[in-house]
Visitor: 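Here it is, the structure, as structure tokens.
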Amino acid sequence: QKEVEQDPGPLSVPEGAIVSLNCTYSNSAFQYFMWYRQYSRKGPELLMYTYSSGNKEDGRFTAQVDKSSKYISLFIRDSQPSDSATYLCAMGQYYGQNFVFGPGTRLSVLP
Amino acid sequence: DAGVTQSPTHLIKTRGQQVTLRCSPKSGHDTVSWYQQALGQGPQFIFQYYEEEERQRGNFPDRFSGHQFPNYSSELNVNALLLGDSALYLCASSLVFSGDSYEQYFGPGTRLTVT
């Protein structure tokens, strides 16, 4: 079992839809959770950062962490074609540790 | 405020050669991490530098080495290149002591092709 799992997609949705992206993980010691957006042939761009469990909202993006289920989610409301990218989840165990990444989910938002 | 910068953008090398990639961290950051991202995969951690020392290392052979300079910039060196080393090499910077917020910012990457 991989340490971080993520459905690779591709996921295609119509413009304006609510998108749900998810990751599961096996290491219960993970405390730091991040979501990155990566456009083709570019570096990952930090979208959301969450420490421990709970929800965090930033504009159209909401990140949720459920440590009891070892499950994290990213919701995108009112999705736009410019949201078409690969979304990577990443997580770490302790402060300053390197992150473990999921393989990424490729999202296409169709106009 | 300059973000993370990397050079070169693209590089083509032959098997057996050596390569050096460079990274300048985001202004104010003191820690640099290097990742390898194969096509269609998530980034894989190579190593992390802080205070000019390698602090953490992922599961990569000794052919991969690095350095951090007093101005916090960093180099990644790969010796005896293999075809399997072809990937996007990403540099990420962070600040060791910033309260609870441990955020890591990535550069645009260097795409290395080994032929």
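On a predicted model such as this, the values are computed, not experimentally measured, just so you know. Chain naming here is simple, since letters A, B, ... match the order of the sequence lines and numbering starts at 1 in each. Scope of the values below: all heavy atoms of this structure, side chains included, with no hydrogens, waters or symmetry mates.
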Visitor: Rounded to the nearest 0.5 Å, how far apart are NZ of A:K42 and CG of B:L90?
Guide: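 Those atoms lie 12.5 Å apart.
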Visitor: Check whether B:F47 gets within reach of chain A through its side chain, its backbone, both or neither, counting any heavy atom under 4.5 Å.
Guide: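 Answer is neither: B:F47 stays 4.5 Å or more from chain A.
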Visitor: Is it the case that over 12 heavy atoms from other parts of the model lie below 6.0 angstrom from the CG atom of B:N71?
Guide: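 It does: B:N71 CG has more than 12 such atoms within range.
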Visitor: Do B:Y35 and B:L11 belong together in a cluster built from hydrophobic side chains that touch within less than 4.5 Å?
Guide: no
Visitor: What heavy-atom pair brings B:L88 and A:Q38 nearest, and what distance separates the two atoms?
Guide: CD2-NE2, 4.0 Å
Visitor: Please check if atom CZ in B:R111 has more than 12 non-hydrogen atoms from other residues, nucleotides or ligands closer than 6.0 Å.
Guide: yes
Visitor: Just checking B:I12: does its CD1 atom have more than 12 heavy atoms from other residues, nucleotides or ligands closer to it than 6.0 angstrom?
Guide: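 Atom CD1 in B:I12 is not packed in, count stays at 12 or less.
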Visitor: Under 6.0 Å from the CZ atom of B:R63, do we count more than 12 heavy atoms belonging to anything else shown?
Guide: yes
Visitor: Output the distance between atom CD (B:Q37) and atom OG1 (A:T86), rounded to the nearest 0.5 Å.
Guide: 8.5 Å
Visitor: Given the side-chain rings of A:F99 and B:F106, with only the six-membered ring counted for Trp, is the space between their centroids under 6.0 Å?
Guide: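 No, ring centres 6.0 Å or more apart.
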Visitor: If you draw a 6.0 Å radius around CG in B:L83, do more than 12 non-hydrogen atoms from other residues or ligands fall strictly inside?
Guide: yes
Visitor: Measure distances from A:R41 to the heavy atoms of chain B and classify the residue's part below 4.5 Å as side chain, backbone, both or neither.
Guide: both
Visitor: Restricting to non-hydrogen atoms, name the atom on A:L88 and the atom on B:P43 that form the minimum distance, rounded to 0.1 Å.
Guide: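 That would be CD1-CD, 4.1 Å.
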Visitor: Of the backbone (N, CA, C, O) and the side chain (C-beta and beyond), which part of A:E45 lies under 4.5 Å from a heavy atom of chain B, both, or neither?
Guide: neither
